[in-house]
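Basis for what follows: all heavy atoms, side chains included, without hydrogens, waters or symmetry-related copies. For this chain, numbers begin at 1 and follow the sequence in order.
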Amino acid sequence: MESPELSFTLAYVVLSLCFVFTPNEFRSAGLTVQNLFSSWLGSEDVGFIQYHVRRTSITLLVHSALPLGYYMGMCIAAPEKNLGYIHKQVSDSWRAFLLLSLCIQLTSWTLVIYWSRHHWHNHPICRALQAHIQPPHPGWGSVATSVNTEFRRIDKFATGAPGARVIVTDSWVLKSECHVTVTQSRQHQLSPDMASPAQILTLRVDSINPAVTPFDIRLISSEYAELREKLHAPIRNSPNVVIHQTMSELFLETFRAHVDLNQPYTLPSGQEVEPCSGCMQVPANTKLVRLCQAEGAPNESECQQCFCRPMWCLSCLGRWFASRQDQQRPETWLSSRVPCPTCRAKFCILDICAVH
């Protein structure tokens, strides 16, 4: 029969590893530093930089307390060892372990106090922001304000697990003053439910600013197109890396090519083009006009006349078109009819006109 000492040790090691590396089960149960100390950390959306300065500091303190927590727990799990009597009955090995645990905890507190001096000027995150101090940013606080402001925007690009996210805004984290290169690709079977393996891309980011250390980011190839649209810098591919496009991306390329063959729609004089209702990032550049005709019977076409003004860009309309299809029969997509996302009038790909 296992001793209480061994049982507690195994349980504590497993729980500690799960708390540090946080699997989905622990995250769902709220057993994370972010959730347990949420009242002190504040809101990430309100102050992104300040939130993560506090989060990394409290994470260091909590993780460094795990060895001391093990010693205190062992005092209860194995009372026969008399670990509470430090000066009399404790063995030298346990006394050394306690001393090491206290040193680790004291060192972490000293480091956090050092970070917090001069309004957290010495914190690694703030020191990293200091590399970007240049007009129009007079100090790292101004850089932090810029990051906080852009993080609150809904059009940012985000990918990765909660503990290892990559976030790209209009100017941060990747700026136009950098070179991005796809250096590697790997195939991963992420879950048994996936019909095909996922391709994981590794991108190397080299900044023109010599004070910024190059770093790597990883993302699924299906998110590559969205990242490419968000970046102001071009992405270079290593010669040996082939990026596999998703079915939706391949369809969008064919979709655009077919729409380009349709007759354009001339906007009436005086009518202004509004932003796309889907992404709100580019002008609406498509108009649905009933142009298709059933063979020999023009009035029997399933398509209907749409009276909506131009409200969607070609990319958003293409994604809407693809989302309404039978995902198991991609060969039928181009010949299908879908309802207008605004008025529900049915249309086909021949009814989509580019706005001129």
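Remark: the backbone N or O of Trp312 is not paired with any side-chain donor or acceptor of Ser277 at under 3.5 angstrom. A donor-acceptor distance shorter than 3.5 angstrom exists from the side chain of Asn148 to the backbone of Ile49, with no hydrogens or angles considered. Checking side-chain atoms of Asp351 against main-chain N and O of Cys348 turns up a donor-acceptor pair under 3.5 Å.
Ring pair Trp94/Tyr70 is parallel by interplanar angle, where below 30° counts as parallel and above 60° as perpendicular.
Salt bridge absent: Arg152 and Asp45 never bring a charged side-chain N and a carboxylate O closer than 4.0 Å. Under a 4.0 Å N-O distance rule, the pair Arg55/Glu44 does not qualify as a salt bridge.
With contacts defined as side-chain heavy-atom distances shorter than 4.5 Å, the pair Gln34/Tyr51 qualifies. The shortest distance between side-chain heavy atoms of Leu252 and Arg319 falls below 4.5 Å.
The ring-ring contact (aromatic ring centres under 6.0 Å, His included) contacts involving residues 256-280 comprise nothing, where partners must be two or more places apart or lie in separate chains.
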| field | Pair Val53-Gln50, side-chain contact (heavy atoms from CB on, under 4.5 Å): steps then yes or no | value | CA-CA 5 Å; Val53 166; Gln50 291 76 7; 5.6 Å; no
| message | If you apply the rule side-chain hydrogen bond (donor to acceptor under 3.5 Å, both in side chains), what do you find for Arg256 with Ser315, and how did you get there? | response | CA-CA 8 Å; Arg256 293 190 183 98; Ser315 295; 2.9 Å; yes
| query | Which is it for Asn122 and Arg127 under the side-chain contact (heavy atoms from CB on, under 4.5 Å) test, yes or no, and what are the steps along the way? | reply | CA-CA 6 Å; Asn122 297 318; Arg127 293 178 67 87; 4.2 Å; yes
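Under the 4.5 Å side-chain contact rule for hydrophobic residues, Leu102 and Tyr12 share a cluster. Hydrophobic clustering places Val13 together with Leu66 (ILVMFWY residues linked when any side-chain heavy atoms are closer than 4.5 Å, directly or through intermediates).
Two rings, from Phe26 and Phe19, have their centers 6.0 Å or more apart.
Remark: Trp115 engages His123 in a ring-ring contact (aromatic ring centres under 6.0 Å, His included) (not counting sequence neighbours). Under the side chain to side chain contact (heavy atoms under 4.5 Å, CB included) criterion, Asp92 pairs with Arg95, not counting sequence neighbours.
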